[in-house]
Amino acid sequence: MDVFEAMNTARAMRFYKTDPVPQELLDKVLWAATRASSPNNTQAWHFVVVRDPEQRRRLGEVVAPLAERVKGFPDPGNQVDRRTLKGAANLSATLGQIPVIVLVCGRNVYPAHQPQETMMYSAMYAASQNLVVAARALGLGAAFTTLHHLGERQMRDILGIPDEVYIGTVIPLGYPDGPTGPVSRRPVEEVVHYDHW
Ligand SMILES: Cc1cc2nc3c(=O)[nH]c(=O)nc-3n(C[C@H](O)[C@H](O)[C@H](O)COP(=O)(O)O)c2cc1C
């Protein structure tokens, strides 16, 4: 699949099969993530790749309560938001069974005289997007998420992530078990301004 098709169809996947991800594909996806841009090429990122079933189960336990909470949310009143809520509930209920969970982490080191979190997040997010698009190009599903907000302290303890290292994203990775297809985005003409706003 070429890069344009991968970008056009890299939906946030919230339903996965439990089939394992071949290490060869995982290597490629991680390679792509580490090709991203970063401020002054600092590359101050780290990737915690969780494959161990017990570690995944423990991460799954951290986010599982969201699935229960979502059940109590009011009906959003439209199909798209209903689907997103159903997906969010499924993702949090099943995270522990998804074959790979990647935590994209970063150190706040740039600029050296006055490090800025925005700089650090820019690198973590660029790497995350590369990862998601590469996964799609290889026939895998992935989702750019910030699920760590549901229990960051517990995730740090489970994975031994040092306190000075930030967690940027939590990306499930596996073979999709849900519909893929084009992403829904605003038309180019609506958001592009040539030469003047
Ligand atoms: C910074 C950021 C945080 C996100 N956090 C979550 C999340 O916690 N859970 C989730 O299911 N999706 C999350 N997403 C994915 C978006 O919700 C998703 O990309 C968007 O709704 C568009 O859907 P699509 O990519 O499938 O077209 C996040 C995306 C970004 C950029």
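Read the numbers this way: they start at 1 and go in the same order the structure lists the ligands and their atoms. Keep in mind it's a predicted model, so treat the numbers as computed, not measured.
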(request) Specify whether Trp45 and Phe47 have parallel, tilted or perpendicular ring planes, treating 30° as the upper limit for parallel and 60° as the lower limit for perpendicular. (result) tilted

(request) For Val183, take its heavy atoms, then give the atoms of ligand 1 lying under 4.0 Å from any of them. (result) 27 (O)

(message) Keeping Tyr16 on the side-chain end and Met13 on the backbone end, is there a donor-acceptor pair under 3.5 Å?
(response) yes

(request) Around atom 28 (C) of ligand 1, find the nearest protein heavy atom and jot down its residue, atom name and distance. (result) Phe144 O, 3.0 Å

(message) Pairs of nitrogen or oxygen atoms closer than 3.5 Å, one from Arg185 and one from ligand 1: do any exist?
(response) yes

(request) Using a strict cut-off of less than 4.0 Å between a Lys/Arg side-chain nitrogen and an Asp/Glu carboxylate oxygen, indicate whether Glu61 and Arg58 qualify as a salt bridge. (result) no

(message) Give me the residue, atom name and distance of the protein heavy atom closest to atom 5 (N) of ligand 1.
(response) Thr146 OG1, 3.1 Å

(message) As a check for students: among Ser184, Ala12, Ser128, Ala88, identify the option with a heavy atom nearest to atom 26 (O) of ligand 1.
(response) Ala12

(message) Could you tell me if the side chain of Leu173 sits less than 4.5 Å from the side chain of Ile101, heavy atoms only?
(response) no

(message) To check your reading of the model: name the closest protein heavy atom to atom 21 (O) of ligand 1, its residue, and the distance in Å.
(response) Arg14 NH2, 4.2 Å

(request) Run the salt-bridge test on Asp52 and Arg56 with the 4.0 Å N-O cut-off and return the result as yes or no. (result) no

(message) Checking the side chain of Arg156 only, and the main-chain atoms of Val165 only, is there a donor and an acceptor separated by less than 3.5 Å?
(response) yes

(request) Provide, to 0.1 Å, the distance between atom 7 (C) of ligand 1 and the closest protein heavy atom, together with that atom's residue and name. (result) Thr145 CB, 3.5 Å

(request) Would you check the N or O atoms of Arg11, main chain and side chain alike, for any that come under 3.5 Å of an N or O of ligand 1? (result) no

